[in-house]
K.L.:
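First, the structure itself, so that you have it in front of you.
Since the structure is predicted, the reported quantities are computational estimates derived from the model, not experimental observations. Counting starts at 1 for both ligands and their atoms, following the listed order. We use all heavy atoms of the structure for the numbers below, so side chains are in, but hydrogens, waters and symmetry mates are not. Counting from 1, the numbers follow the sequence of the chain as shown.
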Amino acid sequence: MEQVQETRSSISRRRRRMKARLVLLPAPGTGHMTPMVELAKYLVQHNFSITILTMGPAFPSSSYSSSIASYIESVVGLDITFIDLPHVDLPFDRTKSAMAHLSLFVEKHNPHIKNAITQLRSSSPSAPIHALVLDFFMTSMFDVAVELGIPGYIYFASGAALLALMLYLPTLDAKITGHYKDLEGEVEIPGLPPLPPLVLPGPMLVRDDGYQSFLSHALRFPEAKGIIVNTFGELESAVLETIDEGRCLPDHPTPPIYPVGPLIGVKEKPEMSSNACIKWLNKQPLASVVFLCFGSMGAFPAAQVKEIALGLEQSGCRFLWALRFRPGEGFSMPSDANLDEILPEGFLDRTVERGLVWPSWAPQTEILAHPAVGGFVSHCGWNSFLESLWCGVPVLAWPLYAEQRLNAFLLVKELGLAVELRLDYKGEGLVKGEEVERGVRCLMGECEEGKKVRKRAKEFSEIGKGAVEEGGSSFATFKRLAHQFAPAIIVNTFAELESAVLETIDEGRCLPDHPTPPIYPVGPLIGIKENPEMSSNACIKWLNKQPLASVVFLCFGSMGAFPAAQVKEIVLGLEQSGCRFLWALRFRSGEGFSMPSDAILDEILPEGFLDRTMERGLVWPSWAPQTEILAHPAVGGFVSHCGWNSFLESLWCGVPVLAWPLYAEQRLNAFLLVKELGLAVELRLDYKGEGLVKGEEVERGVRCLMGECEEGKKVRKRAKEFSEIGKGAVEEGGSSFATFKRLAHQFAQGT
Ligand code: UDP
């Protein structure tokens with residue numbers, strides 16, 4: 001019993017080792033880490049083994065480590081290993097932009113990342129690392145990926161709209177001079193509606209060091225082996241198509257794009273949580289509460305906090321407000337708020353019956369999934385948007401930083417999934433209490449726009465969930481991606497010949513514990529010469545004198561040879577069949593395995609045989625030019641050992657086969673050619689013993705092959721048909737031709 005258990009556990013260990021390994025590299029920050037871990041969870045379900053290399057926070061933060069730690073806690077038990085990279089000390093230089101600081105901080109980790117991956121490799125050399133998946137702020141890692149010889153992918157944890165912009169940024173940079181914020185008119189980006197300059201991402205507005213870092217990442221996107229995007233086809237179809245068409249990257253092939261979203265970590269049954277926000281929500285009526293939360297970095301100055309309080313008070317709505325605070329001027333991570341200090345006097349008392357202000361990090365996904373929540377005032381960070389979409393909660397758009405204005409613009413103007421809050425993008429103007437009140441009321445359904453947005457949010461919730469379910473668009477993309485991570489297998493066959501088994505392989509059913517590599521059937525790839533009649537070879541010269549389709553060709557591959565007794569039976573069969581024949585006859589001297597050598601015909605053929613068959617047969621005692629012979633119009637049948645190349649050559653030439661398998665996988669080939677494909681006549685062989693195939697059976701088989709029985713007639717017809725189908729497969733427009741183009745594209749993308 002113990003032994004059985006031991007064996008089981010060693011099998012499962014071996015299976016773990018066999019799994020395709022991927023290394024994921026999130027940039028620091030909740031908005032980067034969370035979607036990367038969600039991707040990891042999804043990959044694990046598809047049998048990948050995942051290692052995530054994590055960095056400390058790029059900016060001092062009181063809540064980062066604890067929120068990340070609890071998140072990591074939630075995936076314990078899955079095949080995800082977290083490795084903390086060594087600490088990098090890079091104090092935030094306030095003369096620099098946050099964007100430039102983050103890029104430099106990440107880049108300083110590259111030597112540590114290289115070390116970590118090298119160690120991982122040496123700790124289990126039998127399990128190669130198939131790919132590195134990089135956050136889009138980590139493009140400097142492409143150098144390390146190339147050095148290590150591991151394909152590098154980007155995981156783009158934002159929408160396809162921002163991806164289009166990033167891909168197009170180098171082109172835009174060459175077109176536009178000066179600061180984008182000062183541009184007159186609108187900015188044209190393929191796949192997107194004309195954009196007011198002020199909705200462009202924050203780091204783009206002014207050409208400072210932040211813009212240069214942003215651009216430097218954009219310039220390296222084409223190096224990705226593929227770009228995985230946390231969006232889905234139904235949400236951003238037009239822009240995804242435009243990217244696929246290559247219009248956002250006019251001077252370079254666009255890497256394959258994989259929209260696999262929405263990938264988010266929304267929990268089931270949020271009502272069960274012991275968190276105070278949830279306990280409070282449990283007491284509120286269905287869909288009655290507005291939730292306000294502004295991402296991992298969102299915080300307002302004291303004056304704006306007061307206006308929000310005013311708006312909420314006057315709206316009369318129930319609310320749950322996650323309110324954190326940024327002490328001092330300039331950029332820093334927000335910290336927990338001291339409510340008594342920043343809220344207007346008496347506000348908490350006056351709203352105690354219908355509101356909760358939460359001064360800390362809130363469990364946003366649980367809150368959004370709670371049935372009491374009916375609206376979300378959001379900064380429109382991409383993760384927050386996807387979380388609200390998943391839960392069917394409509395958004396009031398209050399973008400603050402990064403690409404949130406772009407998200408908000410598209411959510412309001414293009415997708416109808418958010419209500420607009422009238423913001424002054426130009427100045428530092430506060431959003432007044434009245435506008436907050438109007439926005440919140442509208443969001444909760446008190447205006448036409450709000451009603452429409454509420455309806456669409458519900459619809460898109462269903463569509464988004466459908467995308468990642470089996471049969472959905474993202475699910476299908478994910479399968480393509482999973483294939484992509486594994487090395488490819490190129491097969492010398494074609495879809496029309498082996499469609500059922502190729503499909504089964506593609507479905508992963510032949511490799512249940514491992515992602516199936518992409519399979520590329522590109523055949524038949526064989527070297528048949530045109531005009532074989534022109535050859536000076538003696539076989540061909542002999543064939544030139546024979547009538548059309550009259551000759552049976554016998555040839556048994558590079559290693560096929562028979563004992564003397566079997567040679568005699570073949571002789572008998574051929575003689576009695578009365579057929580014309582060309583027999584490539586080599587001989588294996590002695591017992592056991594050796595390569596066959598040229599035959600001395602006088603020694604092994606029965607006396608008189610050559611004389612008696614001189615008029616209608618040629619025995620060729622050496623290596624024969626098989627492809628020329630099969631392509632010769634005088635050949636009408638092929639007695640073959642069913643090696644795969646020989647089979648494809650006969651198929652190409654439309655020559656039917658009599659199946660005489662000898663070694664390797666030839667019995668399998670013969671079985672399928674006879675029983676499944678109807679492309680070969682069966683020779684009755686004794687697979688169990690060493691029994692000879694008698695002369696009568698050779699005679700019967702050859703006659704049948706040449707059309708003297710029903711089976712032979714059918715096989716001859718099918719051989720002609722499949723010759724056309726096989727040639728068609730590799731011609732322009734054919735299945736193998738298309739597969740080959742896909743494969744060539746894949747090579748072109750290769751690192
Ligand atoms: N979040 C949270 N509690 C908070 C604030 C934010 O759980 O109090 C989570 C939120 O659910 C989302 C992430 O932090 O998953 C923020 O990502 P997003 O892309 O929305 O914005 P970012 O913070 O990157 O700007």
K.L.:
Is the backbone of Trp390 close enough, under 3.5 Å, to the side chain of Ser461 for a donor and an acceptor to pair up by distance?
P.N.:
yes
K.L.:
Show the atoms of ligand 1 that are less than 4.0 angstrom away from any heavy atom in Cys293.
P.N.:
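In order of numbering, the contacting atoms are 4 (C), 5 (C), 8 (O).
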K.L.:
Consider every N or O of Gln364 and every N or O of ligand 1, then say whether any pair is closer than 3.5 Å.
P.N.:
yes
K.L.:
What protein heavy atom sits nearest atom 11 (O) of ligand 1, and how far away is it?
P.N.:
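Checked against all protein heavy atoms, atom 11 (O) of ligand 1 sits closest to Glu387 OE1, 2.6 Å.
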K.L.:
Looking only at distance, does Thr34 have an N or O less than 3.5 Å from an N or O of ligand 1?
P.N.:
no
K.L.:
What residue and atom, counting heavy atoms only, is the protein's closest point to atom 25 (O) of ligand 1, and at what distance?
P.N.:
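In this structure, atom 25 (O) of ligand 1 has Tyr401 OH, 2.8 Å as its nearest protein heavy atom.
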K.L.:
For Leu25, which of His32, Met138, His109 qualifies under side chain to side chain contact (heavy atoms under 4.5 Å, CB included)?
P.N.:
Met138
K.L.:
Against heavy atoms of Trp382, which atoms of ligand 1 measure under 4.0 Å?
P.N.:
19 (O)
K.L.:
Quick one: does Arg318's side chain have a donor or acceptor within less than 3.5 Å of a partner on Ala287's backbone?
P.N.:
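The answer is no, because no donor-acceptor pair under 3.5 Å joins these two groups.
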K.L.:
Compute both the distance and the angle, then confirm whether Arg405 meets the cation-pi test with Tyr425: under 6.0 Å from the six-membered ring centre, within 45 degrees of the axis.
P.N.:
yes
K.L.:
Looking only at distance, does Thr30 have an N or O less than 3.5 Å from an N or O of ligand 1?
P.N.:
no
K.L.:
Please check if the side chain of Glu387 supplies one atom and the backbone of Leu368 the other of a donor-acceptor pair under 3.5 Å.
P.N.:
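Checked: no pair found.
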K.L.:
What atoms of ligand 1 come within less than 4.0 Å of a heavy atom belonging to Gly295?
P.N.:
5 (C), 6 (C), 23 (O)
K.L.:
Determine yes or no for a side-chain-to-main-chain donor-acceptor pair under 3.5 angstrom, with His370 supplying the side chain and Glu366 the backbone.
P.N.:
no
K.L.:
Does a donor on one side chain sit under 3.5 Å from an acceptor on the other, for Asn407 and Glu403?
P.N.:
yes
K.L.:
Are any of the N or O atoms of Ser296 closer than 3.5 Å to those of ligand 1?
P.N.:
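N/O-N/O distance under 3.5 Å: yes.
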K.L.:
Does any N or O of ligand 1 fall below 3.5 Å from an N or O anywhere on Ala362, backbone included?
P.N.:
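Yes; at least one N/O pair falls below 3.5 Å.
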K.L.:
Would you sort out whether Glu435 and Lys432 count as a salt bridge (charged side-chain N to carboxylate O under 4.0 Å, His left out), showing the intermediate values?
P.N.:
CA-CA 5 Å; Glu435 177 58 10; Lys432 289 287 181 197; over 6 Å; no
K.L.:
Calculate, to the nearest 0.5 Å, the distance between atoms CZ and CG belonging to Phe460 and Leu417 respectively.
P.N.:
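Output value for this atom pair is 5.5 Å.
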K.L.:
Looking at atom 24 (O) of ligand 1, what's its closest protein heavy atom, distance included?
P.N.:
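Minimum-distance protein heavy atom for atom 24 (O) of ligand 1 reads Gly31 CA, 3.5 Å.
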K.L.:
Closest non-hydrogen protein atom to atom 14 (O) of ligand 1, residue and atom name please, with distance?
P.N.:
Trp361 CH2, 3.6 Å
K.L.:
What protein heavy atom sits nearest atom 19 (O) of ligand 1, and how far off is it?
P.N.:
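Ranking protein heavy atoms by distance from atom 19 (O) of ligand 1, first comes Asn383 ND2, 2.9 Å.
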K.L.:
With a 3.5 Å distance limit and no angle check, can you tell me whether Ser288 reaches the backbone of Gln284 through a side-chain donor-acceptor pair?
P.N.:
no
K.L.:
Counting non-hydrogen protein atoms only, what is the nearest one to atom 20 (O) of ligand 1? Give residue, atom name and distance.
P.N.:
Ser384 OG, 2.5 Å
K.L.:
Who's the nearest protein heavy-atom neighbour of atom 21 (O) of ligand 1, and how far?
P.N.:
His379 NE2, 2.9 Å
K.L.:
Show which atoms of ligand 1 fall inside a sub-4.0 Å distance from at least one heavy-atom site of Gln404.
P.N.:
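So the answer, numbered in order with elements, is 25 (O).
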